[in-house]
Structures are given as structure tokens and as C-alpha cells.
Number of protein chains: 2
Amino acid sequence: MKIGQLAQQTGTPVDTIRYYEREGLLPRAARTEGNYRIYDAMHLERLAFIRRCRSLDMTQDEIRVLLRFRDTPSESCEDVNALLDAHIGHVAERIRELQQLETQLQVLRACCKEGRQAVACGILNELSQGATEVSTPSASESHLSATHAGGRQHVTPRKQATRDS
Amino acid sequence: MKIGQLAQQTGTPVDTIRYYEREGLLPRAARTEGNYRIYDAMHLERLAFIRRCRSLDMTQDEIRVLLRFRDTPSESCEDVNALLDAHIGHVAERIRELQQLETQLQVLRACCKEGRQAVACGILNELSQGATEVSTPSASESHLSATHAGGRQHVTPRKQATRDS
DNA sequence: TAAAAACCCTGTAGCAACTCCAGAGTCAAG
DNA sequence: CTTGACTCTGGAGTTGCTACAGGGTTTTTA
């Protein structure tokens, strides 16, 4: 089976499959004479596994760990449990953060009724307040770690992949 | 005031300030003879504004919009309200997604008690199931848009900035 | 006054997990 | 034999920074 079919059967973009191969999540595929990748049922299953993990928002590193366990079936699976527990913890924490964030945003939103001029906008004014003292150097770490840690993740994807153009 | 002081007063890393300038969020600073950036109260206030927005997890584009409004005080602020409402919507949606995710993860977690061998691990087996049919091509869009859209964000930052080293 | 420490500069590369594109080759159908 | 669908590689872009390297400048200390 060629890459396009594998893509279709797993709902994975072709580019992503090649990317997984580069990253070592998928083993290198055999090639036809014309240098096309060919896959078998094992690849399909492995890719499906990966995608299921990704749909649960696991990182590649986490998935790598799980794959290693799959590949060495005699090991105990305690670490699998631990990994999952940690992941659940991450998710729960992020939910808490976002809930706090939502509350803050709603407070802010309540500062302004429609139709004022921007100069009188309660929201803009609120955001402008306390200019000399932001993200209190001591008492941060609290509500949004994005600044202090790796600082990637956002609330939503927001930008469509412009697949249609 | 030099960049280091501005950094300290706003709790912003120096690199980030320069980055904001490159991105056009902060206007270009004046320079001393030795080519050092110098800032005044206006810069401080603007940076504080930006940081407050970021702490509410707004994107640079959203912040740009808000800054434009701040800079044209006679405009009506309806769009500010709209922007905030949209942002709150994003946050709320992400919370819902993550809550569904958490549920799924807990179901998965319940598949395995401690100490089994990996070959018998309920979790690995569950993740391996249904290999021929994943992320149903029609019924996706549902719980995790990360795949279909820009595909960045993750559940948690996870990787420390190794600021201490 | 000179050396050392602390600060600042530019430019580039890296992160996560892809996505998109260009420019080229391969293959099946008409 | 051409058209079109598919595939290949390699590289750049996404977001919001962070982390150097390899310099220059200012301030502090001896």
C-alpha cells in the first residue's frame, strides 16, 4: 500500500506520515523501484496507534515511550500507568488554568457596555491600569505559566490550515 | 531608562522586549550614543498593557487590534467587546475540549491495574484497537481540532526554560 | 586608572508538531 | 503519448518566544 492509501485509512495527512518517519515514530518504509514508500498492515497499526495517542494530546516523547512498551511486551506496564497519570495531571492542571483565565476575562468583559468611545472603554482602561507593576515578580507562577515555561501553547488553534485554497 | 530596567519593572525578559519591537508591538526605541535603547513612561505603559493581554492568553494579533483602539480613542469600542467575547469563546471551547479529553483519558486509565506485563496492559491494548479505522474521516472536528487547524497548542508547557543554568 | 563585571547590541537557530510549497520524478488511463 | 493523479526530496513557515555566539559599552571595583 502506498502512502496516499495509508493516509486515507488513518485520516493522517501524507506530509505528517513522512514527518513521523523522519522523527522515528514510524520505521522507514520499504521502497518500490520508483522510490515510492510501501506500507503493510504493521505500519498501519502503528500509525493508528500513534494517531490515537495524538488525539489524546500526548506529545511525541510520550508516544515514543508507549511505543517502546508495545515493542517489548514482557516488561511490566507500571510506567504506562504512570505516564498516563502524569498526562491526566497535565490536562487537569491546564483546565484549572483556563478556568481561572475565563473568570478573569469575564470580569474584564463586564467593565464595558457596548457603544462607548474607546477612550471611555472600561476594558481598555482596565488593561492599562497599574502600569508600573505587572506580573508581580514574586507572586507569579500562579495563573498562567505560559510566560515562565516553554511558552508555546495557546488557548485555541485559531488559524485554519487553508486546506481549501 | 535602559532595556534591563524596563524588563525588571514589567517582569518581561529582555529578549522578549526586543522581540516585541521587531514584531512592531512596541515602537522602536530611541538610542543612546552607544546604541543602547532608551525607554520612557509611554513605552513602559504600553509594554505593561501588552503583558497584561498576554497573561490573558491573547495572541499578538488580538493585542495589535487592542493597541490600535487605544491609539485611536475616538472610535467606538464595540470591536473591543467583540474581540473579548470571541476570546472568551475560544477559552471556553478549549476548556470543553480538555474536559472531554480528561474523561477519555480516565476511561483509558481504568483499563489497566498496576503491575501487569505490557503485553496484557489494558491501556496499550485499548490504544491498539480498531487499527483500520481511526479519527473517522467524517465525524472528526469533534473533540480535538489540533489536528485539523494550525496544530500547535498543547495541554501544558512541560518544558522548563532552564533559566537557572 | 585599569581591569573586571555587568550590561547591551545584532543575528541566527531552536522549540512542537506539523503544514505548505517548489520542482522534479513515476505511474495508470485514455 | 499526453494528461492527470500521485509521489519524491528539501526547505521554509507557523507561534511566541528563548538561547546562544561574538561582539561592543558602561559601571563598578581594586
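Convention: sequence-line order gives letters A, B, ...; per-chain numbering from 1.
With hydrogens and angles left out, the side chain of B:Tyr20 and the base of D:dG16 share no donor-acceptor pair within 3.5 Å. The base of C:dC27 is not paired with the side chain of A:Tyr36 by any donor and acceptor separated by under 3.5 Å.
With rounding to whole Å, B:Gln5 atom CD is found 13 Å from D:dT27 atom C1'. Atom pair A:Glu21:CD and C:dC18:P shows a separation of 15 Å (rounding to whole Å applied). Protein atom CZ of B:Arg22 is 14 Å distant from nucleotide atom P of D:dG16, rounded to whole Å. If you take CG of B:Asp15 and P of C:dT12, they are 15 Å apart, rounded to a whole angstrom. Going from atom OH of A:Tyr39 over to atom C1' of D:dC6 covers 14 Å, rounded to whole Å. One interatomic measurement links the two molecules: CG of B:Leu47 to P of D:dC17, which rounds to 11 Å at whole-angstrom precision. Atom-to-atom, CD1 of B:Ile63 to C1' of D:dG16 comes out at 10 Å; the value is rounded to the nearest Å. Computed from coordinates, the A:Ile17 CD1 to C:dA17 C1' distance equals 15 Å when rounded to whole Å.
Checking the phosphate oxygens (OP1, OP2) of C:dC18, a side-chain nitrogen or oxygen of A:Arg51 falls inside 4.0 Å. Remark: B:Arg64 is not in phosphate contact with D:dG16, judged by side-chain N or O atoms under 4.0 Å from OP1 or OP2. Side-chain N/O atoms of A:Arg31 include one lying less than 4.0 angstrom from OP1 or OP2 on D:dT9. At the phosphate of D:dT18, OP1 or OP2 sits under 4.0 Å from a side-chain N or O atom of B:Thr16.
Using a 4.0 Å heavy-atom cutoff across all strands shown, A:Arg18 reaches at least one base atom of the nucleic acid.
Relative to the side chain of B:Arg54, the nucleotides C:dC21, C:dC18, D:dC17 differ in distance, and D:dC17 lies closest. Among the nucleotides D:dC8, C:dC8, D:dT18, the one closest to the side chain of A:Ile3 is D:dC8. Side-chain proximity of A:Arg37 to the nucleotides D:dT26, C:dA17, D:dC8 is greatest for D:dC8. Of the candidates D:dC8, C:dC18, C:dC9, C:dC9 carries the atom nearest the B:Asn35 side chain, counting heavy atoms from C-beta on. With distances taken from any side-chain atom of B:Tyr19 to the nucleotides D:dT25, C:dT19, D:dC17, the minimum falls on D:dC17.
The backbone N or O of B:Met1 lies less than 3.5 Å from no partner atom in the side chain of B:His43, so there is not a single donor-acceptor pair. The backbone N or O of A:Thr59 sits less than 3.5 Å from a side-chain atom of A:Glu62, completing a donor-acceptor pair. Counting only distance, with no hydrogens or angles, the side chain of B:Glu45 and the backbone of B:Met42 share no donor-acceptor pair below 3.5 Å.
With 3.5 Å as the limit, one finds a donor-acceptor pair spanning the side chains of A:Tyr19 and A:Gln60.
In this structure, A:Arg31 is not positioned above the aromatic face of A:Tyr36 in the sense of NZ or CZ being under 6.0 Å from the six-membered ring centre and within 45° of the axis.
For the pair B:Val14 and A:Glu33, both in contact range of DNA chain C, the more 5′-proximal nearest nucleotide belongs to B:Val14.
Using a cut-off of 4.0 Å between Lys/Arg side-chain N and Asp/Glu carboxylate O, B:Arg109 and B:Glu102 are scored as not salt-bridged.
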